[in-house]
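A short worksheet on the structure shown next.
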Protein chains: 2
Amino acid sequence: MTAEILQLLSTTKVSGGELRKYKFKSAALGGLDSNFNIFLPPQALDGVNKVPLLVYLAGLTCTEDNGAQKAGFFIPASAKGIGLLFPDTSPRGAGIEGEDADWDFGTGAGFYLNATNPKFAKNYNMLTHVTLELPQVIGAAGLPIDLARQSIFGHSMGGHGALTLYLASKTNQYRSASAFSPICNPVNCPWGQKAFDGYLQGGVKEAAIQYDATELVKNRVEPVNILVDFGTGDNFYKQGQLLPENFLKAARDSGHDESQVQVRSQGGYDHSYYFISTFAADHVNFHAQFL
Amino acid sequence: MTAEILQLLSTTKVSGGELRKYKFKSAALGGLDSNFNIFLPPQALDGVNKVPLLVYLAGLTCTEDNGAQKAGFFIPASAKGIGLLFPDTSPRGAGIEGEDADWDFGTGAGFYLNATNPKFAKNYNMLTHVTLELPQVIGAAGLPIDLARQSIFGHSMGGHGALTLYLASKTNQYRSASAFSPICNPVNCPWGQKAFDGYLQGGVKEAAIQYDATELVKNRVEPVNILVDFGTGDNFYKQGQLLPENFLKAARDSGHDESQVQVRSQGGYDHSYYFISTFAADHVNFHAQFL
């Protein structure tokens with residue numbers, strides 16, 4: 001992987017820093033073109049400093065653009081000197097039969113796992129894409145990011161991704177995790193069951209080992225740094241897709257108290273980016289403590 | 001105009017306040033359905049207080065949603081206790097031949113004027129819609145807005161709208177005006193010339209009297225409160241569509257010094273909502289001084 005492989009699509013100044021959009025051929029996604037956005041705060045633009053990286057994983061139907069356009073992360077990230085990485089949510093154009101049939105499976109719905117169902121295993125490897133390939137690409141390109149300091153957050157499906165990638169990391173890749181309206185216990189909700197049945201040979205049983213935040217936190221012994229916000233007006237919460245109470249109970253049962261795991265119920269907020277933008281600074285500032 | 005005429009389409013909690021989307025049959029727009037968004041900060045939700053109103057006019061191709069979704073106004077507006085009104089940018093579905101042919105004329109491009117060309121005069125009356133009809137509707141609906149305290153701002157075409165509605169008001173309806181990347185001298189730029197030739201019987205000559213901020217400020221004797229930001233990386237600025245220097249010169253020549261008219265050149269920023277979001281708090285705080 002060399003720097004020339006990265007194609008710079010655009011550079012946009014925002015909040016004193018730069019938002020850059022790149023494209024590259026992703027080996028993890030089976031050789032397909034994949035885009036990402038990366039925000040470099042002003043502290044990273046002096047040609048000397050490197051800044052830590054906060055990875056934002058977006059939700060179902062989103063791309064690398066939604067968080068950049070609507071979440072309101074840039075002002076607090078500039079204030080704290082933190083870079084932001086916005087990956088896409090799935091491979092694009094794999095051409096697998098049925099991948100565009102539903103909004104909650106396939107394109108735009110990669111669930112941040114590595115598929116084991118042979119039908120999807122060549123392309124649907126967002127876990128490797130986010131945790132391994134994008135850091136390699138960023139490092140090889142010489143971007144002013146200190147990859148030894150990473151944290152991760154996300155929204156909905158991306159909140160699931162942030163919590164599971166954080167908790168399942170064998171190398172403690174991320175120093176902290178936070179999530180807006182995350183899918184906290186996907187083996188027990190329709191979205192998760194559908195995704196795991198499709199992507200994984202072992203279905204929800206396979207998923208429980210590695211891809212379910214509630215299951216993962218049950219077995220977590222080391223201390224953690226986790227913040228979760230969800231809105232009580234969120235229809236997906238009401239429908240039982242998010243199940244934050246399950247995650248909170250599992251965290252407490254396994255000895256992670258409020259200093260390690262905060263799950264905050266925010267009265268009246270829904271599932272949208274209006275909710276995210278309201279608490280954007282809270283989350284960036286939470287991660288800044290550890291970065 | 002009675003309150004029942006307003007149809008509430010959605011209510012979304014954001015930054016401690018409420019974003020409400022309404023629909024109504026707009027007499028000013030020839031009886032067509034028109035939408036607007038209004039943000040009520042927490043200070044307006046106690047059933048007692050009324051808050052001042054800051055009107056945001058969006059640019060070409062936008063709707064009532066762009067500013068709400070991307071501009072980042074809610075956190076500073078909540079902090080200052082200011083309501084925000086987001087009108088649409090034109091009538092929708094008038095059915096006039098050619099109105100959907102171009103992105104910079106017709107639908108999505110109302111230019112905040114009242115058309116005098118008979119072809120458009122029934123529907124294209126965004127001036128009356130913004131200055132008279134929407135305040136009437138808001139007042140009749142009993143929304144907690146103090147209509148005696150209004151200011152106005154906008155982006156690009158909407159910056160043109162904000163500056164001209166402020167400067168041309170015979171009743172000093174707005175206490176202050178600000179703009180991001182405004183079209184400052186539309187009689188001298190292609191966008192403005194095309195719009196005025198289409199909407200106005202008298203074309204740019206008619207426009208110069210009432211719809212050109214640079215012309216208006218030349219004849220302005222009373223003090224003004226105006227803030228303008230534009231980006232030096234803005235391609236429309238480079239192409240001569242915005243002409244902020246013309247506005248600044250006219251303001252200074254007519255005796256409005258820096259305490260009255262600020263025109264700030266922001267290095268490297270483009271024409272997008274990333275630019276707006278960067279300076280969103282600056283603009284809301286500017287207006288808060290007068291509201």
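Keep in mind it's a predicted model, so treat the numbers as computed, not measured. Residue numbering restarts at 1 for every chain, and letters A, B, ... go by the order of the sequence lines.
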Point to revise | Any side-chain heavy-atom pair of L54(B) and S151(B) under 4.5 Å | key: yes
**Study point:** Ring geometry between Y269(A) and F279(A) (parallel below 30°, tilted from 30 to 60°, perpendicular above 60°)
**Key:** perpendicular
Point to revise | Structural part of T11(A) lying under 4.5 Å from a heavy atom of chain B | key: neither
**Study point:** From E64(A), K23(A), R92(A), residue fulfilling side chain to side chain donor-acceptor pair (under 3.5 Å) relative to N35(A)
**Key:** E64(A)
Practice item. Can you tell which part of I276(B) gets under 4.5 Å to a heavy atom of chain A, answering side chain, backbone, both or neither? Key: neither
Point to revise | Heavy-atom pair of closest approach, residues G67(A) and F86(A) | key: C-CE2, 3.6 Å
**Study point:** Contact class of A281(A) relative to chain B, heavy atoms under 4.5 angstrom
**Key:** neither
Check your understanding: Between A68(B) and chain A, which part of the residue has a heavy atom less than 4.5 Å away: side chain, backbone, both or neither?
Key -> both
